[in-house]
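This report refers to the structure that appears directly beneath it.
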Amino acid sequence: MSRRQIFAGNWKMYTTHGEAMALVEGILAGLSGVKDREVIVFPPSPWAKAVAERCAKTSIAVGMQNMYYENEGAFTGEVSPAMVRDAGCRYVLIGHSERRHVFGENDGEVNRKVKAALSHGLEPVLCVGELLDEREKDLTDEVLARQVNGALEGVDAAGMKKVIVAYEPVWAIGTGKVATPEIADGAHRVIRRLVGERFGEETASVLPILYGGSVKPDNIAGLHAMEEIDGVLVGGASLKAESFLDIIRVK
Ligand code: PGA
């Protein structure tokens, strides 16, 4: 089964406007000849529109790192799905572990955001993953089931075709401790089985599942070689064009 191969960069709360534009220029300059894989960048929200305008008619797609689920209203500091669209974004990260664990987002909010994204024509990149403590207590499969089922409650099969899942074990994010390819592959298998149970084998078999957590040029090859790993969501190593390009160009 050949699935989409997706290389995504999450810039988190890094980059000035100038740095963001230079980074995108650097990535674009190195992408010629890259044909069989998709590239997405998630800049900080104030730069999303400028980055999206620069990336229009190029091979880079742009996404927002987060959004709220309401259409509009008195929600100071939040960004609506329509605003994400208006900024030129095609994708939106939903339920990133920093949203869950720093800002206290729960599965119910993640679910509302996934549905809001889909109803506005956005393609959600749903992030799931266990804490170190949960892995050590052998609760990973249970946590993934709760997060995947919770996030996809009320989503229909047509909606599911627009969803990408990113498996990001919390203990591997920003820590330099990458999951072994076997650990990631195993978790991806669990996620694909859960999606298959809800939406059927056909939908599950084409779902792109990305791995995220300390992906670097020197560990991408092992991850990329795994059957269940359909790409990566890269934080720190996506902030320099050269290291992101080294990851994207993995053989
Ligand atoms: P990292 O972040 O690559 O810096 O570990 C990944 C992520 O949070 O998406």
Side-chain angles (χ1 to χ4, degrees), residues 5-15 19-20 23-24 27 37-45 47-48 51 60-67 89-105 110 113-114 117 123-132 134-135 140 143-144 147-148 151 163-181 183-185 187-188 191 208-224 226 229-250:
Q5 295 291 318
I6 298 169
F7 291 74
N10 172 13
W11 300 355
K12 308 196 181 190
M13 201 172 74
Y14 293 102
T15 69
E19 287 163 353
L23 179 52
V24 89
I27 301 166
R37 42 200 76 181
E38 297 172 45
V39 177
I40 310 174
V41 295
F42 292 89
S45 50
W47 322 143
V51 170
I60 300 183
V62 180
M64 202 70 91
Q65 296 175 15
N66 177 39
M67 63 165 209
C89 293
R90 173 173 167 190
Y91 297 96
V92 59
L93 289 181
I94 304 283
H96 186 277
S97 82
E98 284 142 25
R99 299 301 318 168
R100 293 177 190 263
H101 299 292
V102 182
F103 299 99
E105 264 179 38
V110 168
K113 290 183 176 196
V114 168
E123 298 176 44
V125 178
L126 166 66
C127 303
V128 297
E130 80 288 358
L131 298 161
L132 181 58
E134 292 166 333
R135 171 157 291 273
T140 300
V143 170
L144 293 177
Q147 292 179 338
V148 168
V163 176
I164 296 168
V165 174
Y167 168 64
E168 298 206 304
V170 181
W171 47 269
I173 297 179
T175 59
K177 271 203 235 167
V178 64
T180 63
I183 286 179
D185 195 70
H188 287 211
I191 293 165
I209 307 180
L210 318 184
Y211 167 78
S214 297
V215 174
K216 305 277 181 259
D218 65 6
N219 59 33
I220 182 64
L223 295 162
H224 183 65
M226 302 309 282
I229 299 179
D230 307 315
V232 283
L233 178 54
V234 187
S238 74
L239 288 168
K240 292 264 182 296
E242 272 320 309
S243 59
F244 191 43
L245 286 164
D246 282 347
I247 291 169
I248 294 168
R249 295 190 194 114
V250 63

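Remember, it's a predicted structure, so these values are computed and weren't measured experimentally. Just follow the structure's listing: the first ligand is 1, and inside any ligand the first atom is 1. When a residue number appears, it is its place in the shown sequence, counting from 1. In what follows, every heavy atom counts, from backbone to side chain, and hydrogens, waters and symmetry copies are set aside.
Heavy-atom separations between G212 and ligand 1 are all 4.0 Å or longer. At a 4.0 Å cut-off, not a single heavy atom of A237 sits close enough to ligand 1 to count as contact. Note on ligand 1: K216 sits outside its first shell, no heavy atom being nearer than 4.0 Å. Heavy atoms of S238 stay at 4.0 angstrom or farther from ligand 1.
Distance from atom 3 (O) of ligand 1 to its nearest protein heavy atom, with residue and atom name: G235 N, 2.9 Å. Regarding atom 2 (O) of ligand 1, its nearest protein heavy-atom neighbour is K12 NZ, 3.3 Å. Nearest protein neighbour of atom 7 (C) of ligand 1, counting heavy atoms only, is E168 OE2, 3.2 Å.
Listed by number with element, the atoms of ligand 1 under 4.0 angstrom from any heavy atom of G236 are 1 (P), 3 (O), 4 (O). Listed by number with element, the atoms of ligand 1 under 4.0 Å from a non-hydrogen atom of H96 are 7 (C), 8 (O), 9 (O). Set against the non-hydrogen atoms of A172, the atoms of ligand 1 under 4.0 Å away are 5 (O). The ligand atoms of ligand 1 that sit less than 4.0 angstrom from a heavy atom of G213 are 5 (O).
Note: F7 CZ to S238 OG = 13.0 Å, rounded to the nearest 0.5 Å.
Of the N and O atoms on the side chains of Q65 and H96, not one donor lies less than 3.5 Å from an acceptor on the other residue.
Between the side chain of W171 and the backbone N or O of R135, no donor-acceptor pair lies under 3.5 Å. Under a 3.5 Å cut-off, the side chain of K177 and the backbone N or O of S214 do not form any donor-acceptor pair.
Counting heavy atoms closer than 4.0 Å to ligand 1, residue I173 contributes atoms from both its backbone and its side chain.
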Let me see the working for V178 and K216 under side chain to side chain contact (heavy atoms under 4.5 Å, CB included), right down to the final yes or no. CA-CA 9 Å; V178 64; K216 305 277 181 259; over 6 Å; no
### Message
Could you walk me through whether N66 and E105 satisfy the side chain to side chain contact (heavy atoms under 4.5 Å, CB included) test, starting with their C-alpha distance in whole Å, then the side-chain angles of each, then the deciding distance to 0.1 Å, before giving a yes or no?
### Response
CA-CA 11 Å; N66 177 39; E105 264 179 38; 3.6 Å; yes
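Considering only heavy atoms from C-beta on, H101 comes within 4.5 Å of L131 through its side chain.
Between Y167 and H188, the ring planes lie perpendicular to each other; the angle is over 60°, past the 30° to 60° tilted range.
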